[in-house]
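Worksheet: one structure, shown below.
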Amino acid sequence: MELPQFNPTPGNDSASAADHQLNDSVARIRVLVGDITSLDPSLGIDAIVNAANESLLGGGGVDGAIHRAAGLELRKHNQTLGGCPTGLAKGTPAFGLEKQGIQHIFHTVGPIWPPEDQSEQEQAAMVPGAPIDDSAKLGYTYADTLLASCYMQVFALAVQHNIEHLAIPAISTGVYRFPKPRAARIAFGHAHGHLLRAEIPNKITFVCFSEQDAAYYHDAINTRGQWMVSRGRI
Ligand code: ADP
């Protein structure tokens, strides 16, 4: 699914240069609906992210799908890694996924929702569809910080491995129950922030398992002017 293009408004030279930079970094982000283990090789995706658990030995959801596609060699390899704490990431070869052009898997462990430091009232404000009010500001909970850390960690691995095109599922939004609209904002916000500063990876594709999940990303992107204001960059 293609994103609408960002249309910079005419302005003075420095504003236009900033707009151009924003336009460029948003244009390097795509949202696709599909299975991250059977992406079209013509997309040129050379690394995928796994929403793993702390054991790194496989589980349900996208983790199970990636382990099935990569094969037992991945599990054997991961037995040597000693697990991975929540909010961090570790890279491995892609094993059985290499025939699809994927060279690396970056395993990251997202936070479980609801966070322990949150009242029931605050939780109610953060379920999908609830209005985003002050108590629901991004970064308000430790879980936000941990999810943000997952994205920053996988972008650091992408730079380290000189990745051209990175595919990322909606970390923490399945079994770990992170509110999807909130997770989409964190995912897009950090991808956009990284691409503003870095040339690697060249492209980031968010792979969603349903049209509805993709709609949360499109909404996050289309409304970025409202919720990214505090950073001064939209
Ligand atoms: P977590 O434990 O981090 O919540 P899950 O695998 O349960 O991880 O879910 C994370 C997201 O991945 C969910 O939005 C889920 O719908 C999605 N998902 C599950 N299987 C796949 C797949 N094969 N490809 C892409 N996304 C997937």
Side-chain angles (χ1 to χ4, degrees), residues 1 29-41 43 45-71 74-75 78 83-90 92 94-97 99-102 104-116 123 126-129 141-154 157 165-188 190-191 203-221:
M1 190 185 291
I29 297 173
R30 292 281 181 277
V31 182
L32 260 186
V33 177
D35 179 342
I36 203 164
T37 64
S38 52
L39 296 169
D40 186 339
L43 292 170
I45 287 165
D46 46 351
I48 63 171
V49 172
N50 181 18
N53 59 46
E54 289 193 340
S55 78
L56 295 186
L57 300 180
V62 70
D63 192 16
I66 288 174
H67 272 264
R68 278 192 297 280
L74 175 62
R75 187 181 157 88
N78 284 7
C84 179
T86 300
L88 300 188
K90 289 188 179 178
T92 69
F95 299 107
L97 283 163
K99 55 183 179 295
Q100 296 179 36
I102 296 163
H104 304 273
I105 303 171
F106 302 144
H107 307 263
T108 189
V109 185
I112 296 173
W113 193 276
E116 283 171 7
Q123 282 173 32
M126 296 187 204
V127 298
T141 74
Y142 187 45
D144 290 342
T145 309
L146 287 172
L147 187 59
S149 170
C150 290
Y151 285 99
M152 290 188 281
Q153 289 260 318
V154 299
L157 284 170
H165 191 168
L166 179 66
I168 315 179
I171 300 163
S172 277
T173 65
V175 173
Y176 285 2
R177 301 184 306 270
F178 206 102
K180 291 183 177 192
R182 190 172 187 84
R185 288 183 179 193
I186 292 170
F188 170 73
H190 283 275
K203 288 184 222 155
I204 293 173
T205 291
F206 291 112
V207 181
C208 299
F209 217 32
S210 70
E211 292 284 351
Q212 178 59 67
D213 289 356
Y216 293 126
Y217 280 83
H218 287 291
D219 188 59
I221 295 165

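Index from 1, following the sequence. Whatever order the structure lists them in is the order used to number ligands and atoms, beginning at 1.
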Worksheet item: Name the residues with a heavy atom less than 4.0 Å from ligand 1?
Response: Gly34, Asp35, Ile36, Ala51, Gly61, Val62, Ala65, Ala170, Ser172, Thr173, Gly174, Val175, Tyr176, Phe209, Asp213
Worksheet item: Counting only N and O atoms by type, is there a donor-acceptor contact under 3.5 Å from the side chain of Asp46 to the main-chain atoms of Ile102?
Response: no
Worksheet item: Is the backbone of Leu88 close enough, under 3.5 Å, to the side chain of Thr108 for a donor and an acceptor to pair up by distance?
Response: yes
Worksheet item: Checking side chain to side chain contact (heavy atoms under 4.5 Å, CB included) against Phe209, which of Val33, Val62, Asp35 comes through?
Response: Asp35
Worksheet item: What residues form a side chain to side chain donor-acceptor pair (under 3.5 Å) with Glu54, not counting sequence neighbours?
Response: Thr86
Discussion item. Tell me every residue that passes ring-ring contact (aromatic ring centres under 6.0 Å, His included) with Phe95, counting only those two or more places apart in sequence or in another chain.
Written reply: His77
Fill in: Residues which pass ring-ring contact (aromatic ring centres under 6.0 Å, His included) with Tyr151, listed by chain and number, not counting sequence neighbours
none
